[in-house]
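Each remark here refers to the structure printed beneath this line.
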Amino acid sequence: MNIEKVVVIGAGQMGTGIAQVMAQSGLHVILNDLSDEHVQKGLGVIYNQLQRDVKKGRKTEEEKQEILERIQLSSNLSEATDVQFVIEAATEKLEVKKQIFKYLDEIVPNGAILASNTSSISITEIAAVTKRPELVIGMHFFNPVPVMKLVEIIRGLATSDKTYEMIKSLTRTIEKEPVGVKDFPGFAANRILVPMINEAIFCIYEGVSTSEEIDNVMKLGMNHPMGPLQLADFIGLDTVLSIMEVLHDGYGDPKYRPCPLLQQYVKAGWLGKKTGRGFYIYE
Ligand code: CAA
């Protein structure tokens, strides 16, 4: 089966980026979320991104229009009946994902592949609610999606070789680089990245230095484009904490203990850039 028409569930930061890169590569995309307001807002983000590309001379006005024409908006998932591929980028809650996959399994054609952009939830567990676990896979994108080249491809216990190869090929079609990983907590990227961020937070907690100085250490000493605390604010401190909890619960190893300061910030609602305050203040 050729993948030509896809559904992207979730018109947030990740879903809009995924919809954009897929439409840019010639795929027909249905961008779905719970309300018309959500999907309209998502389309606005894509529009601004494409407009920026036109201004910078990376795309023509005509190309921008063609990409936008390939994106259909929907607030009703039952419209997803004639697609070959679905990627879910909804909220990072197991129960929500289970509900979505169970429903998708009933309405999406036999043979269609169901992917999740989850950053930490087990693909095997999501797949288990469907009658097609061999067609369920993880496709983990990185923020900002239009810029970051990597896609982690996560094989659940039952994911077939054929599904894995098709998704690797789809990833290359959208001009990203696939890296295959097994379904272990945090997969590979977040298992490496998020404990580093947690350690940077411990440095603040223990008074080793300030946020600016810790970020400078990693930017100037290791050539990271952003320091770990700025990156934590960019990802969202609630997400950082939830990934640390997945690692801690999943491996049972105290080295993954979330920093108490991170827990406090989340309790305070200081979630980073999206709430205007995290390790930095945003106007
Ligand atoms: N959306 C789309 N494109 C964006 C963008 C955004 N939010 N932010 C920046 N860009 C693009 C722009 O096109 C920009 O180019 P132009 O100015 O020519 O248009 C280009 O990136 C460079 O941007 P800037 O000059 O503004 O800033 P920069 O050079 O510092 O780059 C950055 C910005 C690409 C975000 C860079 O700081 C970076 O790579 N940071 C690290 C990002 C990272 O680690 N992401 C992974 C997070 S972890 C994750 O996503 C997974 C998870 O499960 C938690």
Side-chain angles (χ1 to χ4, degrees), residues 10-24 41-59 64 67 87-93 97 115-123 138-154 171 174-179 181 183-198 200-201 215-216 218-220 222-247 250 256 258 262 266 271-274 278-280 282:
Q13 212 172 30
M14 299 305 283
T16 52
I18 296 168
Q20 183 188 329
V21 294
M22 294 211 164
Q24 276 174 191
K41 201 171 159 207
L43 186 66
V45 172
I46 298 173
Y47 180 90
N48 289 341
Q49 197 60 39
L50 295 174
Q51 190 60 29
R52 188 181 171 95
D53 286 346
V54 172
K55 268 200 191 134
K56 296 248 168 175
R58 291 186 289 246
K59 284 187 183 66
K64 179 189 95 181
I67 294 165
I87 178 157
E88 168 279 320
T91 179
E92 201 63 354
K93 292 198 173 88
K97 294 198 191 286
S116 175
N117 175 56
T118 180
S119 55
S120 55
I121 292 174
S122 162
I123 296 301
M139 209 178 172
H140 180 209
F141 287 80
F142 292 80
N143 191 18
V145 177
V147 180
M148 308 307 275
K149 281 284 166 209
L150 175 67
V151 182
E152 265 187 314
I153 312 293
I154 304 115
T171 303
I174 59 171
E175 294 175 24
K176 302 281 179 201
E177 192 55 40
V179 170
V181 296
D183 190 13
F184 281 94
F187 314 132
N190 281 336
R191 184 172 173 176
I192 299 166
L193 174 72
V194 181
M196 182 199 71
I197 291 174
N198 194 49
I201 302 171
D215 277 349
N216 273 339
M218 299 306 284
K219 280 196 288 189
L220 306 180
M222 320 307 158
N223 234 2
H224 287 197
M226 277 179 172
L229 299 160
Q230 190 191 356
L231 183 56
D233 277 358
F234 177 65
I235 294 170
L237 300 189
D238 49 344
T239 304
V240 172
L241 177 59
S242 118
I243 296 169
M244 280 313 293
E245 286 168 348
V246 165
L247 293 171
Y256 296 116
L262 171 63
V266 172
L271 305 183
K273 214 170 166 193
K274 64 185 168 189
F279 291 99
Y280 296 90
Y282 303 86

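For ligands, and for the atoms within them, numbers begin at 1 and follow the listed sequence.
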Between CZ on residue F187 and CG on residue L193, distance to nearest 0.5 Å: 14.0 Å
Per-atom contacts of ligand 1 with R52, taking only distances under 4.0 Å to non-hydrogen atoms: 16 (P), 17 (O), 19 (O)
Indicate, as side chain, backbone, both or neither, the part of V145 found under 4.0 angstrom from ligand 1 when only non-hydrogen atoms are considered. neither
Main chain of Q230, side chain of D215: is a donor-acceptor contact present, judged purely on distance under 3.5 Å? yes
Once you round to the nearest 0.5 Å, how far does CE of M244 lie from OG1 of T239? 14.0 Å
Quick note on ligand 1: atoms under 4.0 Å from a heavy atom of S119 include exactly 53 (O)
In terms of residue, atom name and distance, what is the protein heavy atom nearest to atom 45 (N) of ligand 1? N143 O, 2.8 Å
Just need the protein heavy atom nearest to atom 44 (O) of ligand 1, so name the residue and atom and give the distance. L231 CD1, 3.5 Å
Strictly inside 4.0 angstrom of atom 26 (O) of ligand 1, do you find any protein heavy atom? no
Look at atom 48 (S) of ligand 1 and say whether a protein heavy atom is found at less than 4.0 angstrom from it. yes
Does K273 reach the main-chain N or O of Y280 with its side chain, forming a donor-acceptor pair under 3.5 Å? no
Closest protein heavy atom (residue, atom, distance) for atom 36 (C) of ligand 1: P225 CB, 4.0 Å
Any heavy atom of D53 sitting closer than 4.0 Å to ligand 1? no
Would a distance-only check, ignoring hydrogens and angles, find a side-chain to backbone donor-acceptor pair under 3.5 Å from K64 to D53? no
Considering only protein heavy atoms, which is closest to atom 51 (C) of ligand 1, and at what distance to one decimal place? F142 CD2, 3.4 Å
Apply the side chain to side chain contact (heavy atoms under 4.5 Å, CB included) test between H140 and each candidate in V181, L150, T118, N190; give the one that qualifies. N190
Could any protein non-hydrogen atom be found less than 4.0 Å from atom 33 (C) of ligand 1? no
What atoms in ligand 1 come closer than 4.0 Å to a heavy atom of V147? 3 (N), 4 (C), 10 (N), 11 (C), 21 (O), 34 (C)
Take atom CD in Q13; do more than 12 heavy atoms of anything else shown fall under 6.0 Å from it? no
Check: E92/S242 side-chain N/O donor and acceptor closer than 3.5 Å: no
Do Y282 and D233 have a side chain donor and acceptor closer than 3.5 Å? yes
Contact between L231 and L229 at the side-chain level, heavy atoms closer than 4.5 Å - yes or no? no
Quick one about N117 and E88 (side-chain donor to acceptor, distance below 3.5 Å, no hydrogens or angles considered), yes or no? no
Is the side chain of K59 donor-acceptor paired with the backbone N or O of Q51 at a distance under 3.5 Å, no angle test? no
Starting from atom 3 (N) of ligand 1, locate the nearest protein heavy atom and write down its residue, its atom name and how far away it is, to 0.1 Å. Q49 NE2, 3.2 Å
Going by the 4.0 angstrom heavy-atom rule, the piece of I235 near ligand 1 is side chain
Between E152 (side chain) and P178 (backbone), is there a donor-acceptor pair under 3.5 Å? no
So, does H224 sit close enough to ligand 1 that a heavy atom of it is under 4.0 Å from the ligand? no
Starting from atom 53 (O) of ligand 1, find the nearest protein heavy-atom neighbour and note its residue, name and distance. H140 NE2, 2.8 Å
Between T239 and ligand 1, is there a nitrogen or oxygen pair with a distance under 3.5 Å? no
For atom 30 (O) of ligand 1, is some protein heavy-atom partner under 4.0 Å away? no
Should R58 be listed as contacting ligand 1, given a heavy-atom distance under 4.0 Å as the test? yes
Atoms of ligand 1, numbered as shown, that sit under 4.0 Å from any heavy atom of L193: 48 (S)
If you have a sec, work out which protein heavy atom is nearest atom 1 (N) of ligand 1 and how many Å separate them, to one decimal? P144 CB, 3.3 Å
Kindly state if atom 21 (O) of ligand 1 has a protein heavy atom within a strict 4.0 Å cut-off, that is, under 4.0 Å? yes
Measuring from L43:CG to Q20:CD, what's the distance to the nearest 0.5 Å? 10.5 Å
Side chain, backbone, both or neither: N190 near ligand 1, heavy atoms under 4.0 Å: side chain
Please check atom 7 (N) of ligand 1 for a protein heavy-atom neighbour under 4.0 Å. yes
